[in-house]
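Everything on this sheet refers to the single structure shown next.
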Amino acid sequence: MSTVWFTSDLHLQHARVAVHRAERAMICIDSQDPEGHCVRWHDRTLAMHWDAAVKPGDQVWVLGDLSSGGGAEATAYALNWIHDRPGEKHLVPGNHCPVHPMHRDSHRWMSAYMQVFASVQPFARRRIAGREVLLSHFPYEGDHTDEQRFTQYRLRDEGLWLMHGHTHSRERLSASTPIYRLTPGQLIPPNQIHVGVDAWGLKPVSTDSIDYLLYQVERGQLWQRPPGGLLAGVVDMLGLSPDQLAEITAEPFLAPLADRETE
C-alpha cells in the first residue's frame with residue numbers, strides 16, 4: 001500500500017541553512033571549508049532520509065523552498081536532486097521557488113518544474129483520515145522573522161487545518177490568532193501543522209504521523225495559549241499592531257510552543 005508524505009524547506013545547497021542545521025545536529029565542521037562541508041552533509045542527509053522512507057509508489061508533497069532560489073544554477077541542482085528521489089512528487093512552491101506566482105517570471109519556470117513534479121500549484125487541499133486539510137508554504141500566521149511577510153500570498157483562516165512550511169521552527173503545531181473573544185486562561189486548539197524538515201529531524205512526515213497529531217488535538221491534548229493572549233480575538237477590530245497587543249497583554253505575540261514528540 002502506498003504512503004503519502006509531506007515535507008518542506010529542504011533548502012538544498014543553501015550554505016547558511018546547512019551550517020545552522022549542522023550546528024544544531026552537533027556535526028563536526030571542517031574548519032578549512034565549513035560551508036562546503038556543511039552543504040555536503042546537509043544534502044546527503046536529506047537524501048538519505050528521503051530514500052529510506054519513501055518508496056517508488058508513494059506520493060510526496062513538497063511545500064516549497066527546495067533551495068535558496070539563488071538563480072538558475074541553484075534551481076537546476078535542486079530539481080535534479082528531486083528527480084533522483086523516489087516517489088511521485090507534487091510541489092506547493094514557496095517564496096524561494098522561482099515558479100511561485102509571486103515572481104514576475106514564474107511562468108518561464110513551469111516547464112522545467114513539470115519535468116520533475118506531477119503537479120505545481122500555489123496551494124492544495126487534502127483529506128487526512130476524514131479531515132479536510134489545506135496545504136500551503138505559508139502558515140495562516142507565523143514567520144521566522146519579526147515581520148509577518150508575504151501576507152498577500154497566505155491563505156485566510158476559515159476554520160480548516162493548514163499544513164505549512166516557511167517558519168523553520170522546531171515546533172510541529174501552532175495556533176493562529178482566534179477571531180473570537182477568549183476568557184482568561186483559556187487554551188485553544190492548534191490549527192497549523194508545520195511539516196518543514198526542521199521540525200521532523202530532516203525527514204519527510206507521513207500521513208499516519210499527521211493523523212496522530214490531529215487525533216491528540218481532538219482529544220484535548222496539545223492545546224495552547226493563544227498567540228496574542230486574552231485580547232487576540234479583537235486585534236483586527238481595535239486595529240492593534242502585534243507590538244501594541246504584546247504590550248497590553250504582557251504576552252509575546254507568537255508564544256513559543258513546547259516541542260512534542262509523537263513517534
Side-chain angles (χ1 to χ4, degrees), residues 3-100 103 106 109-110 112-120 135 137-138 144 163-172 194-206 209 263:
T3 301
V4 179
W5 302 85
F6 304 92
T7 191
S8 183
D9 296 279
L10 302 175
H11 283 272
L12 299 163
Q13 224 175 25
H14 192 164
R16 182 167 59 87
V17 173
V19 169
H20 174 71
R21 289 172 176 168
E23 290 175 344
R24 194 161 64 187
M26 302 182 68
I27 299 300
C28 182
I29 299 174
D30 184 350
S31 60
Q32 295 183 344
D33 182 22
E35 289 191 352
H37 177 81
C38 288
V39 166
R40 290 189 293 273
W41 167 83
H42 176 262
D43 293 4
R44 184 171 60 246
T45 300
L46 288 171
M48 177 183 68
H49 288 322
W50 181 310
D51 294 352
V54 180
K55 303 299 185 290
D58 290 351
Q59 188 179 90
V60 185
W61 288 81
V62 183
L63 305 191
D65 286 5
L66 308 181
S67 68
S68 64
E73 184 177 347
T75 300
Y77 173 88
L79 291 177
N80 285 328
W81 188 98
I82 291 288
H83 179 270
D84 291 341
R85 307 276 71 79
E88 176 190 273
K89 282 86 70 171
H90 297 263
L91 177 66
V92 175
N95 51 291
H96 284 288
C97 298
V99 76
H100 192 288
H103 303 294
S106 62
W109 288 97
M110 185 60 73
Y113 277 78
M114 290 304 296
Q115 294 180 44
V116 176
F117 290 97
S119 72
V120 177
L135 276 59
H137 175 69
F138 305 106
H144 57 85
M163 208 177 301
H164 69 90
H166 185 64
T167 62
H168 289 269
S169 171
R170 299 177 73 175
E171 318 306 335
R172 298 174 177 178
H194 178 219
V195 297
V197 295
D198 295 288
W200 297 91
L202 303 183
K203 303 174 183 178
V205 53
S206 69
S209 295
E263 299 176 343

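We number each residue from 1, following the sequence as shown.
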So CZ of Arg16 and OG of Ser68: to nearest 0.5 Å the spacing works out to 9.5 Å
Taking all atoms of both residues into account, what is the closest heavy-atom pair of His103 and Asn95, and its distance? NE2-O, 3.0 Å
Please test His164 against His194 for ring pair (Phe, Tyr, Trp, His ring centres under 6.0 Å), starting from the C-alpha separation and ending with a verdict. CA-CA 5 Å; His164 69 90; His194 178 219; 5.3 Å; yes
OG of Ser106 to OH of Tyr113, rounded to nearest 0.5 Å, is 10.5 Å
Considering only residues two or more places apart or on different chains, which pairs with a residue in residues 28-55 satisfy ring-ring contact (aromatic ring centres under 6.0 Å, His included)? Trp50-Trp81
For Asp33 and Gly36, work out which heavy atoms get closest and say how close. OD1-N, 3.2 Å
Between Asp9 and Arg21, is the closest basic N to carboxylate O distance under 4.0 Å? no
Checking side-chain polar atoms at under 3.5 Å, does His11 have a donor or acceptor matched by the opposite partner on His168? yes
First locate atom OG1 of Thr7, then atom CE of Met163, and finally report the distance between them rounded to the nearest 0.5 Å. 11.5 Å
When every non-hydrogen atom of Trp5 is compared with those of Ala53, the smallest separation belongs to CZ2-O, 3.3 Å
Do Ile27 and Cys38 come within less than 4.5 Å of each other through their side chains, counting heavy atoms only? no
How many angstroms lie between CZ in Arg24 and CG in Asp198, if you round to the nearest 0.5 Å? 4.5 Å
Minimum-distance pair of heavy atoms, taken over all atoms of Leu63 and Ser8: O-OG, 2.8 Å
Show your reasoning for whether side-chain contact (heavy atoms from CB on, under 4.5 Å) applies to Leu10 and Ile82. CA-CA 10 Å; Leu10 302 175; Ile82 291 288; 3.9 Å; yes
Going through the checks in order, is the side-chain contact (heavy atoms from CB on, under 4.5 Å) test met by Gln115 and Leu79? CA-CA 9 Å; Gln115 294 180 44; Leu79 291 177; over 6 Å; no
What are the two closest heavy atoms between Ala118 and Glu88, and how far apart are they? CB-CG, 3.9 Å
Quick one: does Asp65's side chain get under 4.5 Å of His137's, heavy atoms only? yes
Could you go step by step and tell me if Val99 and Phe117 meet the side-chain contact (heavy atoms from CB on, under 4.5 Å) rule? CA-CA 12 Å; Val99 76; Phe117 290 97; over 6 Å; no
Within 6.0 Å of NE2 in His144, more than 12 heavy atoms from elsewhere: yes
Can you tell me how far apart NE2 (His90) and CZ (Phe6) are? Round to the nearest 0.5 Å. 10.5 Å
Identified salt bridge (charged side-chain N to carboxylate O under 4.0 Å, His left out) counterpart of Arg85 within the set Asp58, Asp51, Asp43: Asp51
Gap separating the CH2 atom of Trp200 from the OG atom of Ser206, nearest 0.5 angstrom: 8.0 Å
